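Everything below concerns the one structure shown next.
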Amino acid sequence: MAKNTAYWLMKTEPDTFSIDDLARRKTEPWDGVRNYQARNHMRSMKVGDLVLFYHSNAKPPGVVGLAKISGPARPDPSSWNPKSPYFDAKSSPETPRWDLVEVEFVEKFPRIVALEELRAAPELEGMVVIQRSRLSVQPVTPTHFAHVVRMAKAAGHSTNSPPS
DNA sequence: GCCAACGTTGGC
DNA sequence: GCCAACGTTGGC
């Protein structure tokens, strides 16, 4: 893994676009982000950066897999398409306001790492998703990233771990 | 379905 | 530039 890889968490509602949708499509232009902080995070992404793929408004909400950035930030055409649900009258091809990045499927975890588990893990203290749940594109520290991946590949918490 | 948190808008 | 009103997000 390249030394300068950065790590992120991106949220999506599975009813709209899930990890399975991404697995089918292989790669997806991540359009519709309409929050400046999230947009600015996308602008600082580099191709090859790794992403924790998070399902919000899901039962349970949590990290369900990995993706990577396969295309850098560029203007989001849905922002000036009046037929798009993400249309913004203040954005145009000449003066684009919103960006997207290309997101590529890496893997679906064998299990969901639920938000509840993220909260309960002392190693993940301070992770953005735990304290600022509304930000849809967030930076993740390398340490936190590695820990979430480790959790995904270990047995789950009490509800589905084997009897002791 | 509720509602707290929080981002955005717009009047002043 | 402040801040109240409003809209949205997202966990529960």
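The chains referred to below are lettered A, B, ... by the order of the sequence lines, with proteins before strands, and numbering in each begins at 1. The structure presented is a predicted model; accordingly, all values stated were derived computationally and were not measured.
- Residue A/L135 contributes atom CG, which lies 11 Å from atom P of B/dC6 at whole-angstrom precision.
- Ring to ring, A/W80 and A/Y86 are not that close: their centroids are 6.0 angstrom or more apart.
- Between the side chains of A/S91 and A/R34, not a single donor N or O lies within less than 3.5 Å of an accepting N or O.
- The residue from A/P75, A/P77, A/S79 that alone fulfils the side-chain contact (heavy atoms from CB on, under 4.5 Å) condition with A/L100 is A/P77.
- Per the geometry, CZ belonging to A/R39 stands 10 Å off P belonging to B/dT8, to the nearest Å.
- In this structure, the nucleotide among C/dC12, C/dG10, B/dT8 sitting nearest to the side chain of A/Y36 is B/dT8.
- In this structure, A/Q37 atom CD and B/dG7 atom P are separated by 7 Å, rounded to whole Å.
- Of the listed nucleotides (B/dG7, B/dG10, C/dG11), B/dG10 has the atom at the smallest distance from the side chain of A/K90.
- Aromatic ring pairs are classed by plane angle as parallel below 30°, tilted from 30° to 60° and perpendicular above 60°; the pair A/W98 and A/Y36 is tilted.
- In this structure, NE2 of A/H55 is placed 17 Å from C1' of C/dT9, rounded to the nearest angstrom.
- The distance between atom NZ of A/K59 and atom P of B/dG1, rounded to the nearest whole Å, is 11 Å.
- In this structure, A/N57 and A/R34 both approach DNA chain B, and ranking their closest nucleotides by distance from the 5' end singles out A/N57.
- Look at CG on A/L118: it is 15 Å from P on C/dG10, rounded to the nearest Å.
- Distance, A/Q138 CD to C/dG10 P: 9 Å, rounded to whole Å.
- In the set C/dG11, B/dT8, B/dC6, the nucleotide with an atom closest to the side chain of A/R134 is B/dC6.
- Residue A/Y54 has a polar side-chain atom (N or O) positioned under 4.0 Å from OP1 or OP2 of C/dG11.
- Nucleotide B/dA5 holds its P atom 18 Å from the CG atom of A/N35, rounded to whole Å.
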